[in-house]
Amino acid sequence: MTNDKENRAKRPAARSLDLGESRWGILYCPKAGLANPRKRWEKIQKALDERQVQYDFVQSETSDSVERLVRMLVSNGYKTIIIVGGDSALNDAVNCLMMEEKAVRDEIALGVIPNGVMNDFARFWGFDEDETEQTIDWLLQRRVRKVDLGCIRYVNAKGEKCHRYFLNCVNIGMIADIMNLRRQTRRLFGSRTLSFLSSLFVMLFHRMEYKMKLRINNDVLDRKVMTVCIGSGPGYGQTPNAVPYNGMLDVSVVYHPEVVQLIEGIWLLVTGRFLNHRSVHPYRTSEVFVDSANKAMVGIDGRLMKTPVGAYRVCIEQEVVNFLIPS
C-alpha cells in the first residue's frame with residue numbers, strides 16, 4: 001500500500017561517484033510467492049555475466065525498501081538503473097526519480113527486467129519475463145525514450161496535499177478491488193487470466209457500483225459508475241490505445257452492465273477488445289477531475305493506495321523520465 005511520502009520536497013543532487021553509463025545499478029525485487037527467488041536471480045546473473053555486463057546489485061526485502069534503494073543507487077552515481085521487478089516496483093522507482101532535480105533525472109536511464117506479479121508496462125514495450133537474454137541484449141543497446149507520467153494529486157486523511165506518479169494507470173472502483181485481489185490470487189494460480197477471473201468471481205459478491213462525479217473535457221458525469229481507468233499506458237487492457245509518450249491520458253468509464261453484458265465484458269477484456277463493450281465509454285484528455293467517488297477504492301499501477309479524501313485530480317506530465325526500450 002502506498003504511503004504519504006509523495007509530498008516530500010525534491011532533494012538536491014548528492015553524487016559520490018561518476019560511474020558513467022556503462023555500469024548498471026540493478027535492483028532485484030523478488031517476486032512475491034516465488035518459492036526460490038535466488039534461482040531466478042542466478043538465471044539473470046548468468047545472462048549478465050555471459051554478456052560481460054558491468055553491474056552492482058542490491059535486493060529489496062520488502063516493497064517499502066524499493067524507493068530507499070533506488071535513492072541509494074542515484075546518490076552513488078549510477079546513470080543506468082535496472083529494476084528487476086514488476087509494475088509496482090517501477091512505480092516506486094519513478095516516484096523516487098521524480099524527487100530528484102531535473103538535471104539529475106535527465107542523466108539517468110531507467111530499465112526493466114520483468115519479474116513481477118504484473119508486468120504490464122514492460123509487456124507494452126515487448127519485454128517478456130521468459131526472454132531474459134533478449135531483454136538484456138536490448139538494454140545493452142541503450143535506446144532511450146522519454147516517457148510520460150500520469151500524476152494523481154489528492155489530500156490525505158491528515159489534510160496534507162499529496163501526489164503520486166504512475167506509468168500505467170489509476171483505477172477507481174471495482175477494478176481497483178480486482179487488481180488488489182489479483183495480486184494475491186496470482187500467487188496461487190500463476191496464470192494472469194485465471195487470477196483475474198478468480199478475482200472477478202470473488203468481486204461478484206462485493207459492491208459493484210459507486211456514485212461518482214467526474215469532469216472529463218467538457219463532459220460532467222454525475223451518476224453511478226462501476227469502474228474508471230485513467231491510463232498513461234495500457235491500463236491492464238482497459239485503456240488499450242493509450243501510449244506513454246503522447247502527452248495525453250486515455251480514460252475508460254464503465255457503467256454497471258447486466259450480468260450477461262458483464263460476462264461479455266470480461267471476455268472482451270481478456271481478448272484485448274475492451275473498448276468494444278457497450279457499457280464502456282472512452283475519452284482522451286490531459287486531466288480528469290474526480291469531484292466525488294463515494295469512497296471507491298483507488299489503485300495505482302496495480303497496487304491499492306490510500307483512498308484520497310474529497311476531490312482529486314489526475315493529470316499528465318510529458319516526457320519526464322528516460323526509459324530504456326527495445327530496438
Steps toward side chain to side chain contact (heavy atoms under 4.5 Å, CB included) verdict (L167, D301): CA-CA 7 Å; L167 279 162; D301 283 346; 4.1 Å; yes
Side chain to side chain contact (heavy atoms under 4.5 Å, CB included) assessment of V225 paired with V254: CA-CA 6 Å; V225 173; V254 183; 5.6 Å; no
Side chain to side chain contact (heavy atoms under 4.5 Å, CB included) evaluation trace for M305 with F166: CA-CA 12 Å; M305 67 177 290; F166 60 93; over 6 Å; no
Side chain to side chain contact (heavy atoms under 4.5 Å, CB included) assessment of V253 paired with V280: CA-CA 6 Å; V253 180; V280 178; over 6 Å; no
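Atom CD of E50 sits in a crowded spot, with more than 12 heavy atoms from other residues, nucleotides or ligands closer than 6.0 Å. Other residues, nucleotides and ligands contribute over 12 non-hydrogen atoms within 6.0 Å of the CE atom of M248. Counting non-hydrogen atoms of other residues, nucleotides and ligands closer than 6.0 Å to NZ of K46 gives a total of 12 or fewer.
Side-chain atoms of V251 and T239, non-hydrogen and from C-beta on, never get closer than 4.5 Å to each other. Looking at N95 and E67, their side chains come closer than 4.5 Å, going by heavy atoms from C-beta outward. In this structure, the side chains of V170 and V298 come closer than 4.5 Å at one or more pairs of heavy atoms. I26 has its side chain out of reach of V58: every pair of non-hydrogen atoms, C-beta onward, lies at least 4.5 Å apart. A heavy-atom distance below 4.5 Å is found between the side chains of P30 and Q59. A heavy-atom distance below 4.5 Å is not found between the side chains of D250 and Y283. Residues R284 and N241 are in side-chain contact: their nearest non-hydrogen atoms beyond the backbone lie under 4.5 Å apart. Taking the side chain as every heavy atom from C-beta outward, W138 and W125 never approach each other to under 4.5 Å.
V243 and F124 get closest at one heavy-atom pair: CG1-CZ, 4.0 Å. Of all non-hydrogen atoms in K79 and R142, the two that sit nearest each other are O-NH2, 3.6 Å. The shortest heavy-atom contact between A296 and I172 is CB-CG2, 3.9 Å. Of all heavy-atom pairs spanning C315 and R313, the tightest one is CB-NH1, 3.6 Å. Taking all atoms of both residues into account, the shortest heavy-atom contact from I83 to C29 is CG2-SG, 4.4 Å. Between A93 and V66, the shortest heavy-atom distance links the atoms N-CG1, 4.5 Å.
Aromatic ring centres of H281 and Y255 lie closer together than 6.0 Å. The distance between the ring centers of W41 and F57 falls below 6.0 angstrom.
Contact check on D128 versus R123 returns no salt bridge, with no Lys/Arg side-chain nitrogen under 4.0 Å from an Asp/Glu carboxylate oxygen. With respect to the salt-bridge test (charged N to carboxylate O, under 4.0 angstrom), the residues D106 and K146 qualify. In this structure, R71 does not pair ionically with D92, as no charged nitrogen and carboxylate oxygen lie closer than 4.0 Å. Electrostatic pairing of E317 and R153 counts as a salt bridge here, judged by a charged N lying under 4.0 Å from a carboxylate O.
Between the CG atom in N171 and the CD1 atom in I230 there is a gap of 9.0 Å [rounded to 0.5 Å]. Rounded to the nearest 0.5 angstrom, R40 CZ and Y28 OH are separated by 7.0 Å. Of the inter-residue distances, the one linking L324 atom CG with T135 atom OG1 reads 11.5 Å to the nearest 0.5 angstrom. Interatomic distance, Q318 CD to S286 OG, rounded to the nearest 0.5 Å: 10.5 Å. Rounded to the nearest 0.5 angstrom, C96 SG and M98 CE are separated by 11.5 Å. Annotation: the span from L140 atom CG to S327 atom OG amounts to 11.0 Å, rounded to 0.5 Å.
Judged purely by atom type and a 3.5 angstrom limit, D148 uses its side chain to pair as donor or acceptor with the backbone of N246. A distance-only check finds a donor-acceptor pair linking the side chain of N91 to the backbone of Y165 [under 3.5 Å]. Between the side chain of D87 and the backbone N or O of D120 there is at least one donor-acceptor pair closer than 3.5 Å. Between the side chain of N156 and the backbone N or O of G159, at least one donor-acceptor pair lies under 3.5 Å. Judged purely by atom type and a 3.5 angstrom limit, S232 has no side-chain atom pairing as donor or acceptor with the backbone of L149. At distances below 3.5 Å, not a single donor-acceptor pair connects side-chain atoms of N115 with backbone N or O atoms of E129. Not a single donor-acceptor pair under 3.5 Å links the side chain of S292 to the backbone N or O of N294. Distance alone, capped at 3.5 Å, is enough to place a donor-acceptor pair between the R51 side chain and the A47 backbone. Side-chain N or O atoms of R105 include one that pairs as donor or acceptor with a backbone N or O of V320 at under 3.5 Å. At least one donor-acceptor pair under 3.5 Å links the side chain of Q238 to the backbone N or O of G235.
Shown here are the ring pair (Phe, Tyr, Trp, His ring centres under 6.0 Å) partners of Y312, two or more places apart in sequence or in another chain: there are none. Contacts of F289 classified as ring pair (Phe, Tyr, Trp, His ring centres under 6.0 Å), with partners at least two apart in sequence or in another chain: none.
A perpendicular orientation is assigned to the rings of F121 and F323, their planes being inclined by more than 60° (bins at 30° and 60°).
Under the salt bridge (Lys or Arg N to Asp or Glu O under 4.0 Å) rule, D222 has a single partner from R215, K211, K213, which is K211.
Geometric assessment of R145 against the ring of Y245 yields a positive cation-pi assignment under the 6.0 Å and 45° thresholds.
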